[in-house]
Amino acid sequence: MRWLLLKDLQILKRSPLQLTLLILYPIVIALLVGFAMTREQDQTKVALYNAMPAGEPLGFGGEEVDGNEIRDQLCGRVDCIEADSTADARKMVENGEATAAVIVPEDLGDKIRSLASLSPESPEIQIIVNGSDAVENQVTDDRIEAMLGEANLLLAKRLSEGAKQYLDLILKGGEFDLLGQQIEVLGLQKSEQILKKIEPKLPPGTDKEQLQRAVRFAHLATDNLDLAGPLLTAITEPIKADKVEVGDEAPSLDTFAIGVTVAFALMFVTVLLVAGSLALEKEENAFTRLTAGLVGRGQILVAKVGLGTVVGTGVALILLVGLGLFVGIGWGRAPLWLLALIFGAAAFSAGGAALGAAAREVRAATLAAVMVCLPVALLSLVPDDAVGPAIETAINLVSAVFPFRPTLDAITGGLEISGPSLWLPLLHLLLLTATYGALARLALRRF
Amino acid sequence: MPPQVTGSNPALAARGVSKSFDGRKALSGVDFEVGPGEVVALIGPNGAGKTTLLSILAGIAEPDSGEVTGDGVAWVPQQAALYRRLSVRENLLLFAHLQHDAGQTAENPEQMVTRMLELTGLADRAGDRVGTLSGGNQQRVNIAIGLMADPSVLLLDEPSVGLDPAQRERLWGFVLGLVGEGTAVAFSTHDIQEAERYAERIVVVAEGEGIFSGTADELRQAVEAGAAGGGPAAAGDLETSFLAFLRERGH
Ligand SMILES: Nc1ncnc2c1ncn2[C@@H]1O[C@H](COP(=O)(O)OP(=O)(O)OP(=O)(O)O)[C@@H](O)[C@H]1O
Ligand SMILES: [Mg+2]
C-alpha cells in the first residue's frame with residue numbers, strides 16, 4: 001500500500017500543472033482573502049441628531065431607560081456621526097457623507113413614557129435616506145431595521161418589567177411613588193381577605209349579598225391577573241433567549257471567514273484529486289492488473305484516501321500559514337485544528353473516492369466532483385434562519401450528509417475557543433468517512 | 001469432438017464456465033485446460049470471448065457459473081496496464097515491489113527491474129515516461145511485468161500485437177525459455193501462424209463457445225472431414241482451414 005501511495009505522489013509530481021495549482025492555489029487564495037479581511041471595514045455611516053434632552057431618564061414603573069442607552073443600541077451596529085440639527089443631518093445624507101440619518105425628536109421621551117399610561121402614543125423616529133442609490137437603500141433599510149429591532153426589544157423588555165410591577169402592586173398591594181407622594185395601595189388579595197373577614201360579622205340582608213359579589217370579583221381578578229405577569233414576560237423572553245444562544249456559540253467573523261476559505265480549498269482539492277486519481281487507475285487499465293492478485297480493492301481505496309488526506313492537509317496548511325500573515329491564527333491550538341484538517345480531508349477523500357469509483361472516467365469524475373461540491377458548499381453556508389422550513393430541512397440534510405459543514409465547524413472550533421465544540425464534528429466526519437468509504441468500496445466491485 | 005490433450009493433473013482448468021454482460025452471453029459453458037509446461041493458443045473472431053475467458057482464468061473476473069482451478073497464475077492484459085506518467089523503470093519497480101510484497105516472488109525488486117530492462121531491451125529508455133514510448137515498446141513493458149513472478153501458468157492476451165518481428169522473436173524466445181523450466185502458457189492471438197508455430201494445442205472459441213481443441217494438423221483434418229464430397233479442402237494453409245471451419249459451423 002505504501003507503494004501505491006508513493007506511486008500516486010510520484011504521478012502528482014510529474015503533473016506540473018496539477019502540482020503548480022496545488023501549491024499556488026492556496027497561496028493565491030490566502031493572499032486574496034487575507035487582503036480582503038484586513039482592508040478597513042467599510043461600515044455604513046449614519047448621521048444621528050438627538051433632539052431629546054440629554055440624560056433624561058425614560059422611567060415607567062420604576063424601570064428606567066436612559067436616552068443614551070437607546071443611542072448606544074442604535075449605534076452598536078453602524079458608524080454614527082453626530083449631527084447638530086435635522087438640517088445638518090439631512091445635508092450629510094445629501095452629500096453622501098452618511099448613507100442615512102436618524103432623527104430622535106424632542107418628544108420621544110414623553111411618547112415612550114406615555115406607553116405606560118392610559119393614553120399611549122406611539123414613539124416615532126425620523127429616518128432620512130438618499131433615494132438615488134437603490135442597492136444602498138436596500139442595505140441601509142436592512143441595517144436600520146435591525147437597529148430599530150434591537151432598540152424596540154430593549155424598550156419592550158423594560159415596558160413589560162414596568163407593567164409587571166404595576167400588576168404586582170394591584171395584586172399584592174404596596175407603596176407607590178406618584179409625583180413624589182407615597183401612595184398606599186391595598187391590593188386585590190388583601191381586599192379579598194379583609195372582605196371575607198368582615199362578611200360573617202354583617203347581619204343578613206341585601207348588603208351582605210353585595211359584599212359577597214365584591215369578594216367573588218376580587219378572587220376572580222386575583223386569579224386572572226396572576227396569569228398576566230408570566231404572559232408579559234413570555235412576550236419578550238423567547239426572542240431574547242434565542243439571540244443569546246446564537247451569539248454565544250458563533251465564532252468571530254474572522255475565524256468564520258478563515259474556516260470557510262480553508263474548508264472550500266480543502267474540499268475542492270481533495271475531492272477532485274481523489275476522484276480523478278481513482279478514475280485514472282481505471283482509465284490506465286492498471287486497476288485490473290493491481291487487483292489480479294497484487295492488492296485488494298480495499299487497499300487501493302485506503303491508499304487513495306491516504307493520498308487525499310496527505311495532499312489536502314498539506315494544501316490547507318499552506319493556506320493557513322498564508323492567512324496567518326494577515327490575521328491571527330491560534331498556533332497554540334494547532335493540534336486541534338490540525339485534527340480538524342485531517343478528519344475533514346479524510347471525509348472529503350472518501351467522498352471523492354465514491355465519486356471516482358462511480359464515474360470511472362477522469363473527465364466524468366472531475367465534472368461530477370465540481371457539480372457536487374459547489375452547490376453543497378453554498379447550501380451549507382446559507383444561514384438556517386434566512387429561509388423557509390422546507391429549504392431549511394434541505395439545508396440541514398445537505399449539511400449532515402456532506403462533509404463541508406462538519407469540516408467548517410471542526411476548523412472554526414479548532415481555531416477558536418468560543419467556536420463550536422470540536423468533538424461532535426470530528427465524530428460526524430469519521431462517520432461520513434466510513435459511509436463514503438463503504439459506498440466507494442461497493443462501487444469498486446463493478447469498477 | 002477431438003480428444004482433449006491434457007495430462008491427468010492440469011496446471012489450470014476451467015469447467016463449464018459461463019459469463020454474461022448485461023444479459024448478453026460472452027461465454028457459455030466453456031471447458032478449458034492447460035497441462036503443466038504446455039503451450040495452448042486461443043483463437044477466434046473478435047468478440048468471441050477470448051479475453052473474457054483469460055481474465056476468468058486469471059481470477060480477475062468472476063464467472064457466473066462454472067469453476068476454475070489452479071494457482072500461480074500470471075496475466076498480461078491485452079491493453080497495456082501501465083502508468084503513463086511514470087517512467088519505464090518506475091513502472092517496473094512499482095510492480096516488482098507489489099509482487100514482492102504479495103509474496104509472488106522472492107527476488108530483490110531492484111535486481112528484478114534490471115533483469116526485466118535487459119529482457120525487454122529497453123535499458124536505454126528506462127528513464128523515459130511510458131506515455132512517450134511507441135505502442136510496441138509499451139507492450140514490451142506490459143509483458144515484462146507479467147513475467148516477473150516466475151508463474152507456473154502464464155496467460156498472455158494477444159501478446160505480440162504491435163511488436164516488430166525481431167521483438168516478437170525475442171518475446172517468444174523468452175517465453176519458451178520459461179516453458180522449458182516448466183511454466184505452462186496460454187495465449188490468445190489472431191495470428192494463425194503464430195499459433196501453429198508456438199502452440200502445442202489450439203483451442204477455437206466462437207460466440208462464447210469452445211468449438212475445437214487439438215493440434216494444427218487435427219484442425220486441418222476436421223475441416224477436410226467436414227467438407228462434404230471433399231470440396232476445396234484447404235491444403236497447407238491453416239488460416240484458410242480455420243476460416244472454412246468457422247464458416248461450416250455458421251460463425
Ligand atoms: N466489461 C464488459 N462489459 C460488457 N460487455 C463486455 C465486457 N467485456 C467483454 N464484453 C463482451 O463480451 C464479448 C466477448 O468479449 P471479449 O473481449 O472476451 O472478446 P475477445 O475474443 O477477446 O475479442 P478480441 O479478439 O476483439 O479481443 C463481447 O461481446 C464483448 O462486447
Ligand atoms: Mg480480447
Side-chain angles (χ1 to χ4, degrees), chain A residues 1-22 273-274 276-304 306-307 311 356 360-363 365-366 441-447, chain B residues 21-22 51-52 54-62 70-87 89-105 109 127-132 138-139 141-146 148-149 151 153-155 157:
Chain A
M1 212 154 67
R2 172 167 56 116
W3 303 114
L4 291 180
L5 186 57
L6 285 177
K7 174 258 302 173
D8 278 334
L9 290 174
Q10 221 164 12
I11 290 180
L12 202 61
K13 216 171 67 190
R14 289 293 154 70
S15 324
L17 181 68
Q18 234 174 332
L19 197 66
T20 318
L21 279 178
L22 281 182
L273 178 71
V274 175
S277 165
L278 190 58
L280 189 74
E281 296 284 351
K282 174 75 184 170
E283 258 188 25
E284 297 206 308
N285 219 17
F287 186 79
T288 338
R289 171 163 263 158
L290 289 178
T291 49
L294 290 182
V295 285
R297 280 148 208 258
Q299 281 176 294
I300 296 178
L301 187 62
V302 172
K304 290 296 177 199
L307 170 77
V311 176
R360 300 156 84 193
E361 276 171 31
V362 178
R363 265 165 203 257
T366 312
R441 182 63 189 78
L442 216 64
L444 278 185
R445 281 169 66 173
R446 314 211 69 224
F447 199 45
Chain B
F21 292 106
D22 309 318
T51 296
T52 307
L54 286 175
S55 57
I56 287 174
L57 287 168
I60 289 148
E62 284 287 319
D71 50 18
V73 182
W75 167 74
V76 175
Q78 183 172 351
Q79 283 154 353
L82 302 165
Y83 295 102
R84 270 168 268 274
R85 284 191 194 149
L86 296 185
S87 70
R89 162 176 280 282
E90 284 162 347
N91 267 285
L92 291 173
L93 195 58
L94 168 68
F95 285 102
H97 273 299
L98 289 176
Q99 298 201 355
H100 189 267
D101 287 3
Q104 292 181 358
T105 171
D128 291 7
R129 286 191 204 185
V130 164
T132 65
Q138 289 188 17
Q139 179 66 347
V141 182
N142 190 36
I143 293 166
I145 291 169
M148 281 177 171
V153 184
L154 181 59
L155 302 173
D157 197 353

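Atom set for the values below is all heavy atoms of this structure, side chains included, hydrogens, waters and symmetry mates excluded. Letters A, B, ... are given to chains in the order of the sequence lines, protein chains preceding strands, and every chain is numbered from 1.
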With side chains defined as the heavy atoms from C-beta onward, is the minimum distance between [X] and [Y] less than 4.5 Å?
{"X": "A/Leu4", "Y": "B/Leu98", "value": "yes"}
{"X": "B/Glu90", "Y": "A/Arg14", "value": "yes"}
{"X": "B/Tyr83", "Y": "A/Gln10", "value": "no"}
{"X": "A/Glu284", "Y": "B/Leu82", "value": "no"}

What's the shortest heavy-atom distance between [X] and [Y], and which atoms?
{"X": "A/Ala292", "Y": "B/Ile60", "value": "CB-CG1, 3.5 Å"}
{"X": "B/Leu86", "Y": "A/Lys7", "value": "CD1-CG, 3.6 Å"}
{"X": "B/Ala102", "Y": "A/Gly293", "value": "CB-O, 3.9 Å"}
{"X": "A/Ser15", "Y": "B/Arg85", "value": "OG-NH1, 2.9 Å"}

Which bit of [X] comes within less than 4.5 Å of chain A, counting heavy atoms only: side chain, backbone, both or neither?
{"X": "B/Asp101", "value": "side chain"}
{"X": "B/Ala149", "value": "neither"}
{"X": "B/Asn142", "value": "both"}
{"X": "B/Gln104", "value": "side chain"}

Task: Residue A/Thr291 versus chain B: region with a heavy atom under 4.5 Å - done: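 Looking at A/Thr291, nothing touches chain B.
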TODO: Return the option, out of A/Leu6, A/Leu290, A/Val295, with the maximum number of heavy-atom pairs under 4.5 Å with chain B.
DONE: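 Counting heavy-atom pairs under 4.5 Å, the top option is A/Leu290.
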Task: Option that, when pairs with chain B are counted at under 4.5 Å, heavy atom only, ranks first among A/Glu281, A/Arg2, A/Lys13 - done: A/Glu281
Open item on the list: With a sphere of 6.0 Å drawn around CG of B/Asp128, does it hold more than 12 non-hydrogen atoms of other residues, nucleotides or ligands?
Closed with: yes
Open item on the list: Tell me if the CD atom of A/Glu361 is crowded by more than 12 foreign heavy atoms within 6.0 Å.
Closed with: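 At most 12 heavy atoms, drawn from other residues, nucleotides or ligands, come within 6.0 Å of this atom.
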Task: Interface residue of largest heavy-atom contact number with chain A, from B/Arg84, B/Gln79, B/Gln99, B/Glu62, under 4.5 Å - done: B/Arg84
